[in-house]
There are 2 protein chains.
Amino acid sequence: MAIKLDIEALLAHLPLFRSLDKTQLVLMAQASQEVRVAKHGFVFHRGDAASGLYVVAVGGIKLAIPSANGQEKVIEFFSPGQAFGEAVMFLDKPYMVQAQALEDTLLLWIDKQDIYAAIDRDPSFARRMLAGLSLRLHALVQDIETVNLQNASQRVISYLLKQPREAEHVQFPFNKNVIASKLGLTPETLSRLLHQLNSKGYIAVDGRDVHILDVPGMEAQLYGR
Amino acid sequence: MAIKLDIEALLAHLPLFRSLDKTQLVLMAQASQEVRVAKHGFVFHRGDAASGLYVVAVGGIKLAIPSANGQEKVIEFFSPGQAFGEAVMFLDKPYMVQAQALEDTLLLWIDKQDIYAAIDRDPSFARRMLAGLSLRLHALVQDIETVNLQNASQRVISYLLKQPREAEHVQFPFNKNVIASKLGLTPETLSRLLHQLNSKGYIAVDGRDVHILDVPGMEAQLYGR
DNA sequence: CGTAACCTTGAATAAAGTCAACATGGGTGG
DNA sequence: CCACCCATGTTGACTTTATTCAAGGTTACG
């Protein structure tokens with residue numbers, strides 16, 4: 001019971017559910033189930049049937065495409081408050097990505113049927129859902145742009161500039177391995193490029209901490225060459 | 001008047017609008033406007049505000065990301081019956097892609113407000129819309145997979161195998177230039193790879209016509225190496 | 001029949017990947 | 001609390017892959 005209340009509060013301030021009224025929110029909260037996944041554990045694998053959507057309550061998730069030879073291409077990260085797995089829910093196709101916990105993670109899972117019910121009850125929920133998918137699409141197109149139209153160094157620069165930063169300080173939220181895959185690079189190449197940007201005085205790297213020293217210089221690299 | 005009737009019939013058998021009842025369909029048809037675009041003409045540019053969605057009635061459209069140095073990365077093609085431009089409509093962001101006619105094209109344009117109205121009136125329309133976006137997302141993820149996890153030759157092979165074919169015969173629907181960009185290759189590389197697949201006996205190329213000769217062999221290239 | 005757009009081919013180059021060795025360092029168990 | 005160890009990250013030498021640049025060939029179409 002106490003748990004149910006927590007869930008309701010949690011859902012209440014997610015963008016996706018923000019437009020729901022009290023009654024609807026209670027329904028959603030009741031429909032939610034807690035799912036716990038240990039670090040490195042899988043929420044689902046490629047090929048699994050998609051039966052609902054997940055919301056991250058605590059922890060972090062990465063979505064990735066696995067490849068035959070053990071590599072993987074990281075598609076997206078999700079942190080608390082974000083939903084994933086919604087896209088495939090609306091198709092009758094299995095997941096083509098896998099979802100893996102980057103740390104010990106607590107998720108909420110909501111069944112497809114309950115989502116459909118909410119859509120039918122409340123058009124503005126449908127709009128939120130549509131906006132959510134659109135945002136995802138937008139992000140993917142940006143990724144495609146990055147991988148296809150920018151060289152390795154530019155990709156690293158735009159990644160760094162896109163990260164939220166406080167006082168010109170940025171922190172890699174995960175293994176550089178994982179970041180490299182997101183950028184479509186090998187870990188070796190990422191390492192070398194960071195070193196190179198460091199040498200040129202654009203950034204100062206210290207482990208996962210990066211100080212951005214020369215934003216205009218970096219931006220010049222993005223457009224100039 | 002006659003035109004309006006045509007529009008209604010056209011809309012009636014699009015997946016997106018198939019669930020609408022007669023009344024709704026009439027409303028949609030009334031909300032639609034014809035847009036004509038000559039070959040190579042632009043429907044919209046990157047940076048334009050998104051104010052509605054387009055449906056291809058006749059012709060063909062390509063969506064692409066333009067880059068600074070005059071290149072572009074082709075994202076998707078649309079043929080009669082398909083809708084595009086819906087994704088960004090739900091965000092308040094400008095287009096990040098441009099839409100260009102591959103041939104003389106007739107489009108229908110439906111204003112955002114009319115789409116929203118339809119969503120509010122009919123939850124099953126909302127579902128169609130969601131399914132449409134999901135499908136788009138799915139396709140993009142597949143593209144990301146192709147570009148990141150397959151080498152140039154594998155990309156060409158999977159493109160060929162994915163194309164609809166009759167009696168092992170496939171035809172490039174557009175300039176090889178455009179296909180190359182979709183695959184994330186230069187035209188030169190595409191040309192060389194087709195030649196190579198030809199030499200190896202996997203395919204027989206004659207201009208835009210390709211005969212697929214050895215499907216198992218090609219599939220082996222996809223997984224084997 | 002001529003011209004422009006499209007496509008192919010070759011040689012040289014550059015960019016990033018691979019493989020392998022080594023460094024670092026955070027966490028755990030002794 | 002220290003030492004060891006495994007996961008993570010770095011560096012170097014070499015290789016591969018696809019691009020670039022340039023020239024020439026083809027094709028479709030006015």
Side-chain angles (χ1 to χ4, degrees), chain A residues 38-41 62 67-74 100-104 146-159 171-199 203-210 221 225, chain B residues 38-40 62 67-74 100-104 146-157 159 171-199 203-210 221 225:
Chain A
K39 182 169 182 173
H40 297 141
K62 83 168 183 228
S67 91
N69 53 11
Q71 290 175 222
E72 60 171 29
K73 160 66 188 179
V74 172
Q100 193 174 12
L102 290 160
E103 43 194 302
D104 290 352
T146 300
V147 171
N148 283 280
L149 262 22
Q150 299 191 149
N151 65 29
S153 159
Q154 291 172 323
R155 279 181 242 169
V156 175
I157 292 173
S158 41
Y159 174 83
Q171 206 181 65
F172 289 113
F174 318 110
N175 285 352
K176 287 184 186 166
N177 260 320
V178 173
I179 308 288
S181 170
K182 173 94 214 282
L183 295 177
L185 302 173
T186 57
E188 292 95 328
T189 301
L190 176 59
S191 177
R192 281 188 255 267
L193 289 172
L194 285 173
H195 181 83
Q196 196 176 307
L197 292 174
N198 192 71
S199 309
I203 59 177
V205 187
D206 174 25
R208 283 192 186 178
D209 296 312
V210 179
Q221 294 296 309
R225 204 156 58 104
Chain B
K39 182 169 181 173
H40 297 140
K62 84 170 182 226
S67 91
N69 53 11
Q71 291 174 221
E72 60 171 30
K73 160 66 187 178
V74 172
Q100 192 174 11
L102 290 160
E103 42 193 303
D104 290 352
T146 301
V147 170
N148 284 279
L149 262 22
Q150 299 191 149
N151 65 30
S153 159
Q154 291 172 324
R155 280 181 242 168
V156 174
I157 291 174
Y159 175 83
Q171 207 181 65
F172 289 111
F174 319 109
N175 286 352
K176 287 184 186 167
N177 259 320
V178 173
I179 308 289
S181 170
K182 172 95 212 284
L183 295 178
L185 303 172
T186 56
E188 292 95 327
T189 300
L190 176 59
S191 177
R192 280 188 254 268
L193 288 172
L194 286 173
H195 180 83
Q196 197 176 307
L197 292 174
N198 192 71
S199 311
I203 60 176
V205 187
D206 174 25
R208 283 193 186 179
D209 295 311
V210 179
Q221 293 297 311
R225 202 157 60 106

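A, B, ... follow the sequence lines: proteins, then strands. Residue 1 opens every chain.
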Under 4.0 Å: is that the gap between some side-chain N or O of A:Thr189 and OP1 or OP2 of C:dA16?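 For C:dA16, OP1/OP2 do not have a side-chain N/O of A:Thr189 under 4.0 Å.
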
Within the structure, does a side-chain N or O atom of B:Thr186 lie under 4.0 Å from either OP1 or OP2 of D:dA18?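 For D:dA18, neither OP1 nor OP2 has a side-chain N or O of B:Thr186 closer than 4.0 Å.
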
Could you check whether any side-chain N or O of [X] sits under 3.5 Å from a backbone N or O of [Y], counting only pairs where one atom can act as donor and the other as acceptor?
X	Y	value
B:Asp104	B:Ala38	no
B:Gln100	B:His40	yes
A:Lys73	A:Ser181	yes
A:Asn198	A:Val205	yes
B:Arg208	B:Gln171	no
B:Ser199	B:His195	yes
A:Gln221	A:Gln154	no

Nearest whole angstrom, please: distance from the [atom2] of [N] to the [atom1] of [X].
X	N	atom1	atom2	value
A:Arg192	D:dA13	CZ	P	11 Å
B:Leu193	C:dT9	CG	P	12 Å
A:Asn148	D:dT19	CG	P	10 Å
B:Leu102	C:dA5	CG	P	17 Å
B:Phe172	D:dT27	CZ	P	16 Å
B:Glu103	D:dC29	CD	P	13 Å
A:Leu185	D:dT17	CG	P	19 Å
B:Gln196	C:dG10	CD	C1'	15 Å

Take B:Leu185 and B:Val156, measure what side chain to side chain contact (heavy atoms under 4.5 Å, CB included) needs, and give me the verdict at the end. CA-CA 9 Å; B:Leu185 303 172; B:Val156 174; 3.8 Å; yes

Output a table of nitrogen or oxygen pairs between the protein and nucleotides 8-10 of chain D separated by less than 3.5 Å.
from   : atom 1 : to       : atom 2 : distance (Å)
D:dT8  : OP1    : A:Asn175 : ND2    : 3.3
D:dG9  : OP1    : A:Lys176 : N      : 3.2
D:dG9  : OP2    : A:Lys176 : N      : 3.2
D:dT10 : OP1    : A:Lys176 : NZ     : 3.3
D:dT10 : OP2    : A:Ser191 : OG     : 3.3
D:dT10 : O5'    : A:Ser191 : OG     : 3.3

Could you pull out the protein-nucleic contacts involving nucleotides 23-28 of chain C (nitrogen or oxygen on both sides, under 3.5 Å)?
none

For B:Leu183 and B:Arg155, which heavy atoms make the closest approach, and how far apart are they? O-NH1, 3.0 Å

Looking only at N and O atoms, is any donor in the side chain of B:Arg155 or the base of D:dT17 less than 3.5 Å from an acceptor on the other one?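 Result: no qualifying N/O pair found.
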
Taking five pairs at each end of the helix from C:dC1-D:dG30 to C:dG30-D:dC1, what angle separates the two helix axes (nearest 10°)? 40°

Take B:Gln196 and B:Ser153 through the side chain to side chain donor-acceptor pair (under 3.5 Å) test and state the conclusion after the steps. CA-CA 9 Å; B:Gln196 197 176 307; B:Ser153 159; 5.3 Å; no

Side chains of B:Lys176 and B:Leu194: does their closest heavy-atom pair fall under 4.5 Å?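 Yes, their side chains come closer than 4.5 Å.
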
